[in-house]
Amino acid sequence: MGDTVNKRPLSAREGKVYIDGSLVADACKFQLLFTPKVWEGKTLGEQGTNRRWIGYDITGTIEQWKTTPMYKRKVLEYIRSGKTPEMKIQGISEDRNSDYYDINKGDSIVAVGCVMTGDISLMDLDTDGDVVKESIKFGAKDLA
């Protein structure tokens with residue numbers, strides 16, 4: 001038996017998020033999802049269903065404590081220019097005390113061509129509120 005008793009799974013708390021190369025210092029949650037578009041069909045004489053990927057969708061969410069007007073600027077940029085604002089979003093997982101890090105030395109992924117897809121809060125005031133948290137949904141064109 002080795003000296004290590006506890007397994008060291010990857011902590012979701014250890015990481016960073018960058019938007020267009022700038023650190024989102026107030027990020028509190030980041031999720032990036034790949035959803036395959038799946039064709040399904042049957043072949044004569046077979047009981048099972050055949051499947052293959054014929055495309056995909058990449059979506060995600062960033063939650064952060066509001067400390068900058070970054071998303072408001074993107075909205076105003078669109079209103080003035082008519083050009084859809086695109087972003088490059090990078091997530092880095094770096095839990096140095098995990099078994100995952102020992103084997104892989106961290107993890108990083110970049111979503112490119114990211115376009116915001118959900119409601120974008122321009123102002124949030126509430127007498128029962130505490131601090132403002134923003135949640136932005138986006139779709140990406142590709143991964144790098």
Side-chain angles (χ1 to χ4, degrees), residues 1-43 48-144:
M1 230 164 124
D3 293 337
T4 302
V5 176
N6 295 306
K7 300 286 184 193
R8 298 176 302 139
L10 185 63
S11 171
R13 294 180 179 192
E14 303 294 329
K16 295 179 179 125
V17 178
Y18 292 86
I19 297 177
D20 293 333
S22 294
L23 176 65
V24 181
D26 53 349
C28 51
K29 186 171 184 176
F30 174 68
Q31 186 176 47
L32 187 63
L33 302 171
F34 177 92
T35 306
K37 302 285 184 190
V38 180
W39 168 85
E40 295 182 354
K42 299 261 187 191
T43 302
T49 301
N50 298 302
R51 292 175 181 84
R52 74 176 255 207
W53 288 4
I54 57 172
Y56 59 87
D57 195 15
I58 301 167
T59 58
T61 304
I62 295 177
E63 289 184 8
Q64 66 190 93
W65 306 113
K66 186 169 186 162
T67 58
T68 71
M70 173 178 37
Y71 301 122
K72 180 179 170 183
R73 285 194 300 259
K74 297 277 186 192
V75 168
L76 293 172
E77 175 186 317
Y78 169 73
I79 290 171
R80 290 183 186 119
S81 71
K83 293 181 183 177
T84 301
E86 290 189 8
M87 301 176 288
K88 180 168 62 171
I89 302 173
Q90 179 182 20
I92 299 172
S93 175
E94 54 186 7
D95 178 8
R96 296 175 189 270
N97 191 37
S98 69
D99 294 327
Y100 187 93
Y101 188 87
D102 288 347
I103 296 167
N104 300 291
K105 302 300 178 216
D107 197 6
S108 176
I109 193 156
V110 179
V112 295
C114 298
V115 174
M116 293 179 280
T117 59
D119 291 338
I120 301 164
S121 177
L122 301 176
M123 180 75 61
D124 192 355
L125 301 172
D126 184 348
T127 60
D128 293 327
D130 190 6
V131 296
V132 178
K133 183 191 277 188
E134 296 179 302
S135 181
I136 298 297
K137 294 184 182 303
F138 63 90
K141 178 72 174 169
D142 205 355
L143 300 172

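One is the number of the first residue; the rest follow in order along the sequence.
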request  = State whether a side-chain donor-acceptor pair under 3.5 Å links Ser121 with Glu134.
outcome  = no
inquiry  = On a heavy-atom basis, which atom in Ala111 and which in Cys114 lie closest, and how many Å separate them?
reply    = O-SG, 3.3 Å
Side-chain polar contacts of residues 135-144 - donor-acceptor pairs under 3.5 angstrom, sequence neighbours left out - could you list them?
none

key: More than 12 heavy atoms from other groups under 6.0 Å of NZ on Lys66   = yes
request  = Could I get the full list of side-chain hydrogen bond (donor to acceptor under 3.5 Å, both in side chains) partners for Tyr101, not counting sequence neighbours?
outcome  = Arg96
Tell me which donor-acceptor pairs under 3.5 Å the side chains of residues 26-41 have, and how far apart each pair is, sequence neighbours excluded?
| unit_1 | atom_1 | unit_2 | atom_2 | d |
| --- | --- | --- | --- | --- |
| Asp26 | OD1 | Gln64 | NE2 | 3.2 |
| Asp26 | OD2 | Gln64 | NE2 | 3.4 |
| Asp26 | OD2 | Thr67 | N | 3.4 |
| Asp26 | OD2 | Thr67 | OG1 | 2.5 |
| Glu40 | OE2 | Arg51 | NE | 3.3 |

query = Considering residues at least two apart in sequence or located in another chain, which fulfil the side-chain hydrogen bond (donor to acceptor under 3.5 Å, both in side chains) criterion with Asp119?
reply = none
request  = Could you pull out all residues at least two apart from Ser11 that satisfy side-chain contact (heavy atoms from CB on, under 4.5 Å)?
outcome  = Arg13, Glu14, Asp95
task = Taking all heavy atoms of Asp128 and all of Asp126, pick out the closest pair and write down the distance.
result = N-OD1, 2.8 Å
Residue pairs passing the salt bridge (charged side-chain N to carboxylate O under 4.0 Å, His left out) test where at least one lies in residues 100-110, sequence neighbours excluded = Arg8-Asp102
key: Set of residues satisfying side-chain hydrogen bond (donor to acceptor under 3.5 Å, both in side chains) with respect to Thr61, sequence neighbours excluded   = none
Atom pair CD1 (Ile103) and CG (Leu10), whose distance is rounded to the nearest 0.5 Å = 11.0 Å
task = With the side chain counted from C-beta on, respond yes when Lys42 and Thr49 share a heavy-atom pair under 4.5 Å apart, and no when they do not.
result = yes
query = What pairs of residues pass the salt bridge (charged side-chain N to carboxylate O under 4.0 Å, His left out) test when at least one of them lies in residues 70-87, not counting sequence neighbours?
reply = Asp20-Lys74
Partners passing side-chain contact (heavy atoms from CB on, under 4.5 Å) against Asp130 (at least two apart in sequence or in another chain) = none
ask   = By side-chain hydrogen bond (donor to acceptor under 3.5 Å, both in side chains), which residues pair with Tyr78, not counting sequence neighbours?
value = none
Results of side-chain contact (heavy atoms from CB on, under 4.5 Å) for Thr68 - residues two or more places apart only = Met70
message = Going by side-chain contact (heavy atoms from CB on, under 4.5 Å), name the residues that satisfy it together with Thr43, two or more places apart in sequence or in a different chain.
response = Glu46, Asn50
